[in-house]
Amino acid sequence: MKALLVVDLQYDFLPNGALAVQDGDLIIPRINAIQDQFDLIVATQDWHPLDHQSFASQHPDQHVYDVVDLQGQPQILWPNHCVQGTPGAEFSKAWNSTKVAAIFRKGMNKQIDSYSGFYDNNKINSTGLLGYLNDKKVTEVYICGLAAEFCVFYTAMDAKKAGFKTYFLDFATKPIAIEGIEKAKEKMIEHGIVIVAKSEELIK
Ligand code: VGL
Ligand code: ZN
């Protein structure tokens, strides 16, 4: 079973969003175009309470992109984004999400961030995604969405560690910063994750 995992395709990560990824909108038609090649489509949704501790607004002496300690983890402070129930937290209407079988929300515990679709950053709590994929007999996971070097990267690393054959769909993701994604790609290759450069490589 081949599953497509669409990570955080939400307005706040798209141009004009609160934590906009440059050219993030370009990946939407590419994701729409490949979806019928998969047995199962699953989405993650960044879904924060307004007082989430990853928001710089919660740390009066700090600025956006400063790094603080959160539950023993280094935490980049972000602008408020993907606040539960707000328009910025919604999936893009340009994405054809009708075939999505399940949505796993993350980042709901205000004390800890959750980049991976599988676990919180401290790996104490799971979202249920791993149990779901195993229950569906998934063996191969193809990962796309936003942002490449954060939620897509950490989701791919955890998928690989969980034993799935894991594909990072490079043509269907965009990074917040170029420097970050180069390092992230090296790390993924080291761990045996397959980087798929073009959609044509999928059709085999
Ligand atoms: C993300 C930063 C904060 C992501 C989510 O989806 O990559 N990045 N929250
Ligand atoms: Zn977030």
Side-chain angles (χ1 to χ4, degrees), residues 1-10 13 21 24 27-47 82 91-92 95-108 113-176 180-204:
M1 282 283 277
K2 286 166 50 161
L4 179 68
L5 225 67
V6 182
V7 173
D8 300 0
L9 209 52
Q10 295 164 262
F13 297 121
V21 178
I27 71 172
I28 298 174
R30 298 176 191 170
I31 293 171
N32 287 340
I34 59 169
Q35 292 188 138
D36 62 1
Q37 298 180 48
F38 298 92
D39 305 309
L40 183 69
I41 305 173
V42 179
T44 65
Q45 189 171 27
D46 212 34
W47 195 249
C82 298
F91 291 126
S92 168
W95 173 40
N96 177 7
S97 61
T98 48
K99 295 279 169 62
V100 172
I103 297 163
F104 290 85
R105 286 177 166 168
K106 61 186 180 63
M108 283 129 77
D113 213 352
S114 189
Y115 294 149
S116 164
F118 290 92
Y119 313 99
D120 288 346
N121 288 0
N122 58 17
K123 292 228 169 186
I124 289 172
N125 288 296
S126 101
T127 59
L129 174 59
L130 179 57
Y132 179 83
L133 295 176
N134 284 332
D135 194 51
K136 294 289 182 192
K137 308 279 189 282
V138 169
T139 50
E140 297 180 29
V141 176
Y142 295 73
I143 306 174
C144 63
L146 299 169
E149 77 277 49
F150 289 99
C151 293
V152 178
F153 166 72
Y154 285 101
T155 301
M157 291 294 281
D158 282 342
K160 180 66 188 172
K161 284 175 199 155
F164 300 107
K165 195 149 181 23
T166 303
Y167 299 84
F168 176 89
L169 302 185
D170 203 23
F171 63 91
T173 183
K174 290 280 179 190
I176 291 174
I181 191 57
E182 290 309 323
K183 264 211 247 151
K185 275 191 209 171
E186 279 171 31
K187 219 166 164 188
M188 285 190 283
I189 291 165
E190 249 170 58
H191 283 77
I193 294 167
V194 179
I195 312 286
V196 182
K198 294 190 271 178
S199 62
E200 291 76 26
E201 293 174 26
L202 281 177
I203 311 160
K204 274 183 202 147

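All of these numbers come straight from a predicted model, not from anything done at the bench. The residues of the chain are indexed from 1 along the displayed sequence.
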>> Donor-acceptor pair, distance only, cut-off 3.5 Å: does the side chain of Thr166 make one with the backbone of Ile193?
In response: no
> At what distance, to the nearest 0.5 angstrom, does CD of Glu182 lie from NZ of Lys187?
Replying inline: 15.0 Å
>> Please check if the number of heavy atoms outside Lys123 that lie under 6.0 Å from its NZ is greater than 12.
In response: yes
>> Looking at Asn96, is its backbone amide N or carbonyl O close enough to the side chain of Asn32 to form a donor-acceptor pair, meaning the two atoms are under 3.5 Å apart?
In response: yes
> Do Ile143 and Phe153 touch side chain to side chain, with heavy atoms closer than 4.5 Å?
Replying inline: no
> Which value, rounded to the nearest 0.5 Å, describes the distance between Ile34 atom CD1 and Glu200 atom CD?
Replying inline: 11.0 Å
> Going through the checks in order, is the side-chain contact (heavy atoms from CB on, under 4.5 Å) test met by Leu202 and Phe171?
Replying inline: CA-CA 11 Å; Leu202 281 177; Phe171 63 91; 3.9 Å; yes
> Does Ser114 use its side chain to pair, donor to acceptor, with the backbone of Tyr119 at less than 3.5 Å?
Replying inline: yes
> Nearest heavy-atom pair of Asp158 and Ser116: which atoms, and what distance?
Replying inline: OD2-OG, 2.7 Å
> What pair of heavy atoms forms the shortest contact from Leu146 to Lys174, and how long is it?
Replying inline: CD2-O, 3.7 Å
>> Closer than 3.5 angstrom, by distance alone: can the side chain of Asp170 be matched with the main-chain N or O of Ile195 as a donor-acceptor pair?
In response: no
>> For a 4.5 angstrom cut-off between non-hydrogen side-chain atoms, does Phe164 reach Asn134?
In response: yes
> Taking all atoms of both residues into account, what is the closest heavy-atom pair of Cys151 and Val7, and its distance?
Replying inline: CB-CG1, 3.5 Å
>> Less than 4.5 Å apart, side chain to side chain, heavy atoms only: is that true for Asp120 and Asp113?
In response: no
> What is the distance from atom CZ of Phe118 to atom OG1 of Thr44, rounded to the nearest 0.5 Å?
Replying inline: 10.0 Å
>> Please determine whether side-chain contact (heavy atoms from CB on, under 4.5 Å) holds for the pair Gln35 and Leu4, giving the CA-CA distance in whole Å, both sets of side-chain angles, and the decisive distance to 0.1 Å.
In response: CA-CA 7 Å; Gln35 292 188 138; Leu4 179 68; 3.9 Å; yes
> Hey, is the main chain of Ile176 close enough, under 3.5 Å, to the side chain of Glu149 for a donor-acceptor pair?
Replying inline: yes
> Under the 3.5 angstrom rule, does the side chain of Asn122 hit a backbone N or O of Ile124 as a donor-acceptor pair?
Replying inline: yes
> Any side-chain heavy atom of Met1 sitting closer than 4.5 Å to one from Leu133?
Replying inline: no
> Taking it one step at a time, do Thr127 and Arg105 satisfy side-chain contact (heavy atoms from CB on, under 4.5 Å)?
Replying inline: CA-CA 7 Å; Thr127 59; Arg105 286 177 166 168; over 6 Å; no
>> What I want to find out is whether Asp8 reaches Lys106 closely enough, with some N-O distance under 4.0 Å, to be called a salt bridge.
In response: yes
> Which pair of non-hydrogen atoms, one from Met188 and one from Met157, has the smallest distance, and what is that distance?
Replying inline: CG-SD, 4.0 Å
>> Do Ile189 and Glu186 make a side-chain contact, defined as non-hydrogen atoms from C-beta onward lying under 4.5 Å apart?
In response: no
> What are the two closest heavy atoms between Ala172 and Cys144, and how far apart are they?
Replying inline: O-CB, 3.2 Å
> Hey, does the side chain of Asn121 reach the backbone of Tyr115 with a donor-acceptor pair shorter than 3.5 angstrom?
Replying inline: yes
> Aromatic ring centroids of Tyr132 and Phe104 under 6.0 Å?
Replying inline: yes
>> Rounded to the nearest 0.5 Å, what separates atom NZ in Lys137 from atom CG in Asp39?
In response: 14.0 Å
> Where is the tightest heavy-atom contact between Thr155 and Gly117, given as atom of each residue plus distance?
Replying inline: OG1-N, 2.9 Å
> Has the side chain of Ser92 got a donor or acceptor atom that lies under 3.5 Å from a matching backbone atom of Leu9?
Replying inline: no
> Take atom NZ in Lys136; do more than 12 heavy atoms of anything else shown fall under 6.0 Å from it?
Replying inline: no
> Step by step, would you call Val42 with Val100 a side-chain contact (heavy atoms from CB on, under 4.5 Å)?
Replying inline: CA-CA 5 Å; Val42 179; Val100 172; 5.9 Å; no
>> If you define the side chain from C-beta out and look only at heavy atoms, does anything of Phe168 sit under 4.5 Å from Val152?
In response: yes
> Heavy atoms, side chains only, cut-off 4.5 Å: are Leu169 and Thr173 in contact?
Replying inline: no
>> I'd like to know if the side chain of Gln10 pairs up with that of Trp95 as donor and acceptor (distance under 3.5 Å, no hydrogens or angles considered).
In response: no
